[in-house]
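When a ligand or atom number is given, it counts from 1 through the structure's own listing order. Residues take their numbers from the sequence shown, with the count starting at 1.
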Amino acid sequence: MSKSNVARFWEWGRKIICVGRNYAEHAKELKNELPTEPVLFLKPPTAYVKEGSPILVPHYSTNLHHEVELGVVVGKEGRDIPQTSAMDHVAGYALCLDMTARDVQDQCKAKGLPWTLAKAFDTSCPVSDFIPKERIPDPAGVELWLRVNSATRQRGSTAQMIFSIPFLISYISRVMALEEGDLILTGTPKGVGAVYEHDELQAGIEGVINMTFKVGRRADKS
Ligand SMILES: O=C([O-])CC(=O)C(=O)O
Ligand SMILES: [Mg+2]
């Protein structure tokens, strides 16, 4: 894949691999134990949405949460990648939201079922434009923020991650091959909360990029 394709990774249609509970304060606010290994789940490429189109609350949820996250765009395929060369596989970054139907996730957890309905619905992965690697020389030292209708809800530094980006790349690549155009969502800092139809979300990586999304609702067409 050429560099220009990586720059439009959301159209390329590769995997979206998400890491959960990677910030202690967020694990605590949801009363989850601190992980001893990364918690992984997937979103399909149909989850992508770009600025200009709305985030849609699924018809089966009344508690859609925002989770602002740093996304890592994979630039070079690999399996069993050692931590020492993990950053060679990074093409760049993206600001991402891991939209989560929290009510549905709570039901899935209680029943011991997978999180697919809670995490993988259409528009569950709003993303910014591609950010070339050089623009974030220290991905472990950027500030993420999120506002809903101008009120700050989330603010946290990627320095608070439990598992570092090189560790995550190495860990994931021992489970599944990483491919060019894949996106890794690295987990959310504390402050997650609900959004509703007509809300406006703004999120940013301090000094690097920001983005705005409107919230709509997907009708039940059954
Ligand atoms: O809170 C969750 O659902 C897990 C998760 O995605 C995160 O920590 O970013
Ligand atoms: Mg998340």
Side-chain angles (χ1 to χ4, degrees), residues 10 15-49 55 57-58 60-74 93-128 139-140 142-148 153-165 167-169 171-172 175-176 182-195 201 203-205 211 213 215:
W10 60 90
K15 301 186 285 300
I16 306 171
I17 305 141
C18 306
V19 179
R21 303 177 188 167
N22 201 22
Y23 290 76
E25 295 294 321
H26 169 63
K28 267 190 232 158
E29 74 182 344
L30 294 187
K31 302 193 166 43
N32 290 313
E33 283 177 17
L34 290 190
T36 51
E37 285 194 48
V39 174
L40 300 183
F41 57 93
L42 296 169
K43 289 179 192 275
T46 41
Y48 281 129
V49 61
I55 297 166
V57 183
Y60 49 81
S61 173
T62 56
N63 192 19
L64 181 67
H65 273 201
H66 53 77
E67 296 190 353
V68 66
E69 309 200 3
L70 178 65
V72 177
V73 180
V74 175
Y93 303 93
L95 174 61
C96 307
L97 303 180
D98 169 18
M99 298 306 296
T100 303
R102 197 69 71 197
D103 45 355
V104 179
Q105 188 192 34
D106 288 344
Q107 290 162 17
C108 295
K109 283 183 189 168
K111 292 182 190 161
L113 292 174
W115 295 352
T116 308
L117 269 69
K119 291 283 197 179
F121 54 89
D122 294 348
T123 76
S124 61
C125 192
V127 287
S128 73
V142 291
E143 191 87 6
L144 304 172
W145 58 265
L146 182 136
R147 290 198 277 268
V148 179
R153 295 271 193 92
Q154 291 189 268
R155 185 168 266 285
S157 167
T158 54
Q160 297 159 351
M161 281 187 198
I162 297 172
F163 301 109
S164 69
I165 291 170
F167 182 91
L168 291 172
I169 289 171
Y171 182 91
I172 294 165
V175 178
M176 63 187 89
D182 283 353
L183 178 72
I184 302 170
L185 265 62
T186 56
T188 195
K190 69 169 191 249
V192 301
V195 292
L201 269 83
I205 302 172
M211 62 185 188
F213 284 89
V215 180

Legend entry - Shortest non-hydrogen contact between Met211 and Leu97, atoms and distance: CE-CG, 3.8 Å
Inset, instruction - Evaluate the side-chain proximity of Val19 to Tyr171: yes if any heavy-atom separation is below 4.5 Å, no if none is. - result: no
Legend entry - Among the N, O or S atoms of Glu69, the one nearest the Mg ion (ligand 2): OE2
Inset, instruction - Give a yes or no answer on whether the side chain of Glu29 reaches the backbone of Gly191 with a donor-acceptor pair at less than 3.5 Å. - result: yes
Legend entry - Angle subtended at the Mg ion (ligand 2) by Asp98 OD2 and Glu67 OE1, rounded to 10 degrees: 80°
For ligand 1, output the ligand-protein N/O contacts shorter than 3.5 angstrom; if there are none, return none.
from: ligand 1; atom 1: 1 (O); to: His26; atom 2: NE2; distance (Å): 2.6
from: ligand 1; atom 1: 1 (O); to: Glu67; atom 2: OE2; distance (Å): 3.0
from: ligand 1; atom 1: 1 (O); to: Arg102; atom 2: NH1; distance (Å): 3.3
from: ligand 1; atom 1: 3 (O); to: Glu67; atom 2: OE2; distance (Å): 3.4
from: ligand 1; atom 1: 3 (O); to: Arg102; atom 2: NH1; distance (Å): 3.0
from: ligand 1; atom 1: 3 (O); to: Gln105; atom 2: NE2; distance (Å): 2.8
from: ligand 1; atom 1: 3 (O); to: Lys119; atom 2: NZ; distance (Å): 2.8
from: ligand 1; atom 1: 6 (O); to: Glu67; atom 2: OE1; distance (Å): 2.9
from: ligand 1; atom 1: 6 (O); to: Asp98; atom 2: OD2; distance (Å): 2.9
from: ligand 1; atom 1: 6 (O); to: Lys119; atom 2: NZ; distance (Å): 2.9
from: ligand 1; atom 1: 8 (O); to: Arg21; atom 2: N; distance (Å): 2.7
from: ligand 1; atom 1: 8 (O); to: His26; atom 2: NE2; distance (Å): 3.3
from: ligand 1; atom 1: 9 (O); to: Glu67; atom 2: OE1; distance (Å): 3.0
from: ligand 1; atom 1: 9 (O); to: Glu69; atom 2: OE2; distance (Å): 3.0
from: ligand 1; atom 1: 9 (O); to: Thr188; atom 2: N; distance (Å): 3.1

Inset, instruction - Give every residue pair that meets the salt bridge (Lys or Arg N to Asp or Glu O under 4.0 Å) criterion with at least one member in residues 39-49, sequence neighbours excluded. - result: Lys43-Asp98
Legend entry - Least distance between heavy atoms, Gln154 atom then Glu67 atom: OE1-CA, 3.6 Å
Legend entry - Student check: side-chain heavy atoms of Gln160 and Glu25 closer than 4.5 Å: no
Inset, instruction - Find out whether Val175 and Ile17 are in side-chain contact, i.e. whether some heavy atom of one side chain is under 4.5 Å from a heavy atom of the other. - result: no
